[in-house]
J.: 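What follows is a single structure, and I will ask about it in a moment.
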Protein chains: 2
Amino acid sequence: MIFSRRGNRKSESMNTKRRGPRPAGTDTREAILEAARQQFAEVGYGRTTLRSVGAAADVDPRLVLHYFGSKQELFLHAVQLPVDPDVLLPRIFDGDEAGIAERVAWALLSVLESPETRQPALAIVRAAASEPEAAEAIRRVLTERLLTPLTERIGGDHPELRASLIGSQFVGLAMARYVVGVEPLASAAPEQVVRALTPAIDHYLHGDWTSSTSS
Amino acid sequence: MIFSRRGNRKSESMNTKRRGPRPAGTDTREAILEAARQQFAEVGYGRTTLRSVGAAADVDPRLVLHYFGSKQELFLHAVQLPVDPDVLLPRIFDGDEAGIAERVAWALLSVLESPETRQPALAIVRAAASEPEAAEAIRRVLTERLLTPLTERIGGDHPELRASLIGSQFVGLAMARYVVGVEPLASAAPEQVVRALTPAIDHYLHGDWTSSTSS
């Protein structure tokens with residue numbers, strides 16, 4: 001896997017905007033990614049260009065092209081999941097089997113309730129909704145980084161479909177509760193939302209609804 | 001009423017009237033709504049103005065203001081749900097009690113599978129994700145036109161929360177299956193998706209998950 005992501009608990013990299021010439025020995029590729037993350041977040045996918053990222057990173061735009069090949073590839077590498085699956089998944093699955101669905105619900109809700117992770121999560125949802133090219137990159141990131149590891153943990157039959165259904169409920173919750181603000185879901189207590197989601201997620205994880213299909 | 005499609009995106013060029021003055025007796029309000037629907041769909045919420053809608057409808061922009069008061073109010077009246085709740089809801093609820101969840105799942109999926117309704121539905125989801133002001137209008141439309149009638153049909157405890165949870169799964173399905181294209185959900189057969197969604201929707205409709213809360 002070509003991902004060279006660091007643990008992304010804190011967005012300190014986003015704040016490191018370099019002004020002067022880049023000193024010798026600096027990690028150029030990482031500098032490009034930092035500049036790209038900042039621009040995608042600030043001006044959106046559509047208005048970010050290889051040229052503008054190169055300028056912000058103090059490198060020749062041709063170097064951006066050399067490292068990443070296209071804006072979509074750059075976005076794919078720059079986008080950071082608001083949580084690290086390597087941290088999230090053990091928290092969910094290293095525990096009693098009966099509580100997995102509730103821990104999934106809590107984990108998903110925590111991403112959207114925590115001020116540090118809510119904005120990156122909603123930014124991903126918004127970009128996916130409005131920019132088809134960004135949606136494609138996000139689809140790849142979600143699948144490779146989150147859904148596939150989740151799928152491996154789920155096991156059983158049709159794990160990919162189960163993971164993507166959970167993902168769909170998560171995206172829908174983000175939209176309905178945080179973006180559109182549909183009431184009373186928007187102002188329901190987190191505990192209430194978790195209680196409501198848990199049996200649905202349990203069904204997506206463990207329900208016997210795939211057995212009679214031919215796929 | 002037919003409005004010719006024009007590529008102009010600047011309000012100045014939209015100001016140029018294409019036809020003569022509107023003849024007396026024409027339904028001015030409906031003409032404004034038609035022009036607004038077209039512009040919101042073509043250039044998005046952000047670039048549609050009362051002035052540009054007035055120009056396209058051959059009416060004084062002050063008349064648009066007079067009829068609707070603000071762009072958001074205009075959007076609220078112009079946005080059309082891709083399905084008529086007065087048609088949809090009886091189909092769901094006029095039948096055996098046990099099959100309601102499956103009929104809800106089929107109804108939601110049909111909106112997204114049918115070529116005539118998929119685009120308007122996805123346009124609403126996209127606008128809601130990218131334009132906060134549009135999101136507010138969409139929240140009102142969904143609540144007043146769809147969720148409240150649905151809520152009245154559901155009855156029992158916490159019907160509004162149940163309706164908004166179903167709405168959230170619908171929006172998430174639209175995003176994951178049709179906008180982002182997360183696999184294997186994106187290419188799963190409709191029957192498979194309905195089978196997967198039905199028990200979750202049944203839980204949102206009938207589950208006993210609200211009883212222990214104080215709200």
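These numbers come from the heavy atoms of this one structure, side chains and all, not from hydrogens, waters or symmetry mates. Predicted model, so just to flag it, every value in this text is computed and none were measured. A note on names: the letters A, B, ... follow the listed sequences, proteins ahead of strands, and every chain is numbered from 1.
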J.: Who among B:A163, B:S164, B:A128 has the most heavy-atom pairs with chain A under 4.5 Å?
T.: B:S164

J.: Using a heavy-atom distance cut-off of less than 4.5 Å, which residues of residues 165-183 of chain A contact chain B?
T.: A:L165, A:S168, A:Q169, A:V171, A:G172, A:L173, A:M175, A:A176, A:V179, A:V180, A:G181, A:V182, A:E183

J.: Return the option, out of A:A186, A:A135, A:A188, A:P184, with the maximum number of heavy-atom pairs under 4.5 Å with chain B.
T.: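 Most heavy-atom pairs within the cutoff with chain B belong to A:P184.
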
J.: In Å, rounded to the nearest 0.5 Å, how long is the span from NE2 of A:H203 to CG of B:D202?
T.: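 Separation between the atoms: 9.5 Å.
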
J.: Could you tell me which of B:A189, B:A196, B:A200 has the largest number of non-hydrogen atom pairs under 4.5 Å with chain A?
T.: B:A196

